[in-house]
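Have a look at the structure below, then the notes.
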Amino acid sequence: MPSVGVQLYSVFFKFLLKHRLQNRIQSAADDSSSDPFGVTTRPEESVAAPNPLFTDGVATKDIHIDPLTSLSVRIFLPESALTPLEPSTSGVYSESRRNSYGYSTGSSSPEAGSSDVYSGYAPSSSSTGNSRKLPVMLQFHGGGWVSGSNDSVANDSFCRRMAKHCDIIVLAVGYRLAPENRYPAAYEDGFKVLKWLGKQANLAECNKSMGNSRRPGGEVKKSEVNKHIVDAFGASMVEPWLATHADPSRCVLLGVSCGANIADYVSRKAIEAGQNLDPVKVVAQVLMYPFFIGSVPTQSEIKQANSYFYDKPMCILAWKLFLPEEEFSLDHPAANPLVPGRGPPLKFMPPTLTIVAEHDWMRDRAIAYSEELRKVNVDAPVLEYKDAVHEFATLDMLLRTPQAQACAEDIAIWVKKYISLRGHEFSY
């Protein structure tokens, strides 16, 4: 059984969640109009400010990536990305790191002077070709479709942990919430970020090619004026952290609770897109206690319907707020992974790690989905944690528990099988 503290906190959490869901239902009834811009966080959410300095080994920044919606990402860059590919001397490495942090180096150039304005990490143009490339993880937060955010204190802490444990760049996706934006808004936002990642990689490559075409001394031939304009335009769009340090050919999707549903959808869309996503390759996905449900109840749904934190009646309310009224069904393809006709054949799905908790009524359907993947020879292990509850590794109160820390380590060990460069598979 969970500890007494967890049980008491669950009672308070469920009371608060029920109140918020009822308020969302009332607000949805009062305002039937839909604003496509949407919201990605709630006023009651405790958020963590971005910090572009490696104060705890991870630097973060926020980017609004879609001018037509509120879709955004928070980038988590681990300090290990600053390790040069071929360090020459400790002195050179120390100097390059000081420059990358934006500290003044005594140079009279405008770039050095800009450190007085921005003191966060800014990769130098000379480091782009010689920098260490890290894999990328797209992370989708939980919250039952109607709450949670990519910059909440709990999600920020979890993503920092993932970035350090997996030695990976994490992009926490701030997708649009319901009921302001119902299905398929959140799902489309997830895939839009994956396409944005591919666009960033292509822009960075174009920017590098344009830069190499210039004469020594920075002069541009008259015949290359148009190229220079394109280069300048592209440079303004390129995200420097990703351009310098990201390897999108090693991309992992990780979803928490309802975010796991989004991750699974994005995996399917990536399969359908095929080479159109190049150079992005989804090599694995992690589904942490997915928010699956269905009209025919499983054993865990019957026995544990009133389980801790997220009980079944409240989750059905969340689904009613998320799905359009005319489409509401517990067997909707977004809700039930076992219904036929959900897209590409399961045999094409990437390796899938599923995390489940003993005291979670949604566990059996997640396990059943994993079994279906294994039947078609997809690497799809299940890790079940004893005495654990839904979101045991991501809720703010439970982040520091031994179970949460063990879960992060288990995820890192499994993920590294698919993101490690050949010849370094066992470097962890």
Side-chain angles (χ1 to χ4, degrees), residues 40 50 52 58-78 81 121 123 128 131-141 150-151 155 159 162-163 166-176 184-209 233-256 259-260 262-286 349-351 415 418-419 421:
T40 59
V58 179
T60 62
K61 70 159 71 167
D62 292 337
I63 301 177
H64 179 214
I65 68 172
D66 183 6
L68 301 180
T69 71
S70 55
L71 175 63
S72 64
V73 295
R74 171 164 290 189
I75 303 178
F76 294 80
L77 180 69
Y121 171 59
T128 303
S131 61
R132 183 178 176 219
K133 297 289 187 178
L134 296 182
V136 181
M137 173 183 285
L138 264 60
Q139 189 265 357
F140 305 95
H141 65 82
N150 65 329
D151 57 359
N155 199 68
C159 289
M162 283 291 98
C166 298
D167 197 20
I168 198 169
I169 299 172
V170 178
L171 302 186
V173 180
Y175 57 85
R176 288 170 290 171
Y187 283 57
E188 292 176 344
D189 286 351
F191 187 53
K192 190 176 291 185
V193 172
L194 193 68
K195 291 190 292 185
W196 175 81
L197 178 62
K199 181 181 178 181
Q200 282 295 315
N202 290 323
L203 283 172
E205 190 62 31
C206 287
N207 191 47
K208 188 167 72 171
S209 299
F233 177 72
S236 66
M237 298 174 64
V238 171
E239 205 303 300
W241 289 11
L242 297 181
T244 306
H245 299 295
D247 178 6
S249 68
R250 295 179 288 158
C251 181
V252 178
L253 308 180
L254 183 147
V256 176
I262 300 177
D264 190 64
Y265 169 86
V266 173
S267 290
R268 293 172 183 272
K269 295 298 289 184
I271 294 169
E272 293 175 354
Q275 294 182 348
N276 290 332
L277 278 178
D278 284 348
V280 175
K281 295 284 189 300
V282 176
V283 298
Q285 68 172 346
V286 180
M349 292 295 286
V415 163
Y418 296 100
I419 62 174
L421 295 172

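Here the structure is a predicted model, which is why all the values come from computation and not from measurement. When a residue number appears, it is its place in the shown sequence, counting from 1.
- If you take CD on Glu188 and NZ on Lys195, they are separated by 8.5 Å, rounding to the nearest 0.5 Å.
- What you find for Gly190 and Phe140 is that their closest heavy atoms are CA-CE2, 3.6 Å.
- In this structure the side chain of Ser72 reaches within 4.5 angstrom of the side chain of Asn150, judged on heavy atoms.
- Between Ile65 atom CD1 and Gln200 atom CD the span is 9.0 Å, to the nearest 0.5 Å.
- Looking at Cys251 and Leu194, their side chains come closer than 4.5 Å, going by heavy atoms from C-beta outward.
- Smallest separation of non-hydrogen atoms from Pro135 and Ile168: O-CG1, 3.1 Å.
- Taken from CG in Leu203 to CD in Glu205, the straight-line distance is 11.0 Å, to the nearest 0.5 Å.
- With a 4.5 Å cut-off on side-chain heavy atoms, Val173 and Leu71 count as touching.
- You'll find the side chain of Gln285 stays beyond 4.5 Å of the side chain of Val266, heavy atoms only.
- More than 12 heavy-atom neighbours from other residues, nucleotides or ligands sit within 6.0 angstrom of NZ on Lys281.
- Tyr175 places a side-chain heavy atom less than 4.5 Å from the side chain of His141.
- A pairwise comparison of heavy atoms in Lys61 and Glu239 identifies NZ-OE2, 2.5 Å as the closest pair.
- Side-chain contact between Trp196 and Leu171 is present, with at least one heavy-atom pair separated by less than 4.5 Å.
- The CG atom of Asp66 sits 7.5 Å away from atom CG of Asp189, with the distance rounded to the nearest 0.5 Å.
- Of all heavy-atom pairs spanning Ala201 and Pro279, the tightest one is CB-CG, 3.6 Å.
- In terms of heavy-atom proximity, Met137 sits nearest to Cys166 at CE-SG, 4.3 Å.
- Under the 4.5 Å side-chain criterion, counting only non-hydrogen atoms from C-beta, Phe191 is not in contact with Pro184.
- Pro350 approaches Val282 most closely through the heavy-atom pair CB-O, 4.0 Å.
- Ion pairing between Asp167 and Arg132 holds under the 4.0 Å rule for side-chain N and carboxylate O.
- Residues Tyr265 and Ile262 are not in side-chain contact: their nearest non-hydrogen atoms beyond the backbone lie 4.5 Å or more apart.
- Asp247 CG to Ile169 CD1: the interatomic distance, rounded to the nearest 0.5 Å, is 9.0 Å.
- Put simply, OG1 on Thr69 and CZ on Arg176 are 4.5 Å apart, with the number rounded to the nearest 0.5 Å.
- For the pair Lys133 (side chain) and Thr244 (backbone), a donor-acceptor distance under 3.5 Å is present.
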